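Structure record follows, encoded as structure tokens.
Quantities reported herein were computed from a predicted structural model and do not represent experimental measurements. Worth knowing before you read on, the calculation uses all heavy atoms, side chains too, and leaves out hydrogens, waters and symmetry mates.
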Amino acid sequence: ISLMYAAAFPVQKLIMLDSLGPYVKEGGAAKHLRTHIKARLRGKDPSSVYESLDQAVEVRMLTATTFPGNQHISKEAATQLVQGASKILPDGRLEFLHDQRLKMPSILYLTQEQVDEMYKSVAE
């Protein structure tokens, strides 16, 4: 979203922490929209709950490797992220606090050409 906003309304600086821009998918706009709407109608999934901090940290470290490129996250960084984004339940388990709706399919996918145009607009 930040890249698209900055392309539409020029900004002095743009810092993108969570991603490097919109997902690119060619074609199938109606299908993608339908998938998003059906997911929204189902409602958000329950939050992830882990038996321990160590288990949650391991999962967070593994998650980084599922994205394109040679990505990784140190145990120290993963621990800090997990501790800042979770709470300890009365039974001692750990629950993530992030909004599960972020896992839903996007309502909008752009072509590579459209994303490239946005990058160029921000760079000007």
Side-chain angles (χ1 to χ4, degrees):
I1 298 295
S2 62
L3 175 68
M4 294 188 300
Y5 181 89
F9 302 100
V11 296
Q12 294 290 325
K13 294 181 181 182
L14 176 62
I15 298 172
M16 299 182 351
L17 297 176
D18 295 328
S19 73
L20 293 177
Y23 290 114
V24 173
K25 284 196 178 178
E26 304 290 336
K31 177 184 161 228
H32 297 306
L33 180 60
R34 182 172 43 257
T35 301
H36 171 83
I37 292 170
K38 285 181 176 181
R40 292 289 296 229
L41 291 172
R42 279 193 309 272
K44 65 181 188 172
D45 292 334
S47 296
S48 301
V49 176
Y50 296 95
E51 294 300 317
S52 67
L53 174 64
D54 287 339
Q55 182 187 26
V57 168
E58 290 298 321
V59 170
R60 181 63 186 93
M61 290 170 59
L62 182 61
T63 301
T65 66
T66 63
F67 292 96
N70 186 18
Q71 298 188 48
H72 71 281
I73 185 170
S74 70
K75 186 169 186 169
E76 294 78 18
T79 301
Q80 290 294 316
L81 289 170
V82 168
Q83 287 175 330
S86 62
K87 69 177 180 179
I88 303 296
L89 299 173
D91 64 5
R93 295 180 305 153
L94 185 136
E95 177 182 27
F96 276 115
L97 300 175
H98 60 270
D99 188 343
Q100 293 296 321
R101 291 174 294 189
L102 295 172
K103 293 181 177 180
M104 289 182 177
S106 179
I107 193 169
L108 173 69
Y109 290 100
L110 303 175
T111 66
Q112 187 63 55
E113 182 181 345
Q114 289 170 316
V115 173
D116 291 345
E117 182 182 327
M118 289 190 191
Y119 281 120
K120 289 176 188 170
S121 179
V122 170
E124 292 175 347

side-chain contact (heavy atoms from CB on, under 4.5 Å), that's the test. Do Leu108 and Met4 meet it? Break it down for me. CA-CA 11 Å; Leu108 173 69; Met4 294 188 300; 4.0 Å; yes
Take Thr111 and Val24, measure what side-chain contact (heavy atoms from CB on, under 4.5 Å) needs, and give me the verdict at the end. CA-CA 5 Å; Thr111 66; Val24 173; 5.6 Å; no
Does Ser47 form a side-chain contact (heavy atoms from CB on, under 4.5 Å) with Leu97? I'd like the steps, not just the answer. CA-CA 7 Å; Ser47 296; Leu97 300 175; over 6 Å; no
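Between the side chain of Gln55 and the backbone N or O of Glu51, at least one donor-acceptor pair lies under 3.5 Å. Judged by distance alone, the side chain of Ser106 and the main-chain N or O of Tyr109 form no donor-acceptor pair under 3.5 Å. Judged by distance alone, the side chain of Gln83 and the main-chain N or O of Gln80 form no donor-acceptor pair under 3.5 Å.
Residue pairs meeting the salt bridge (Lys or Arg N to Asp or Glu O under 4.0 Å) criterion with at least one partner in residues 20-36, sequence neighbours excluded, do not occur; the list is empty.
Here the closest non-hydrogen pair linking Ala77 and Ser74 is N-OG, 3.0 Å. When every heavy atom of Arg60 is checked against every heavy atom of Ala78, the shortest pair comes out as CG-CB, 4.1 Å. Taking both residues in full, the closest heavy atoms of Ser2 and Met16 are given as OG-CG, 3.6 Å, listed atom of the first, atom of the second, then distance.
With contacts defined as side-chain heavy-atom distances shorter than 4.5 Å, the pair Met61/Val57 qualifies.
Around atom CD1 of Ile1, no more than 12 heavy atoms belonging to other residues, nucleotides or ligands sit under 6.0 Å away.
Going from atom CD1 of Ile73 over to atom OG1 of Thr65 covers 11.0 Å, rounded to the nearest 0.5 Å. Interatomic distance, Phe96 CZ to Ser48 OG, rounded to the nearest 0.5 Å: 7.0 Å. Between atom CG of residue Leu110 and atom CD of residue Glu117 there is a gap of 10.0 Å, rounded to the nearest 0.5 Å. In this structure, the separation between OG1 on Thr79 and CD on Glu58 is 8.5 Å, given to the nearest 0.5 Å. Rounded to the nearest 0.5 angstrom, Leu94 CG and Ile88 CD1 are separated by 4.5 Å.
Leu33 and Met104 fall into different hydrophobic clusters, where Ile, Leu, Val, Met, Phe, Trp and Tyr side chains are chained together by heavy-atom contacts under 4.5 Å.
By the side-chain contact (heavy atoms from CB on, under 4.5 Å) test, Ala7 is found to be paired with Met118, Ser121, Val122, residues two or more places apart in sequence or in another chain being considered.
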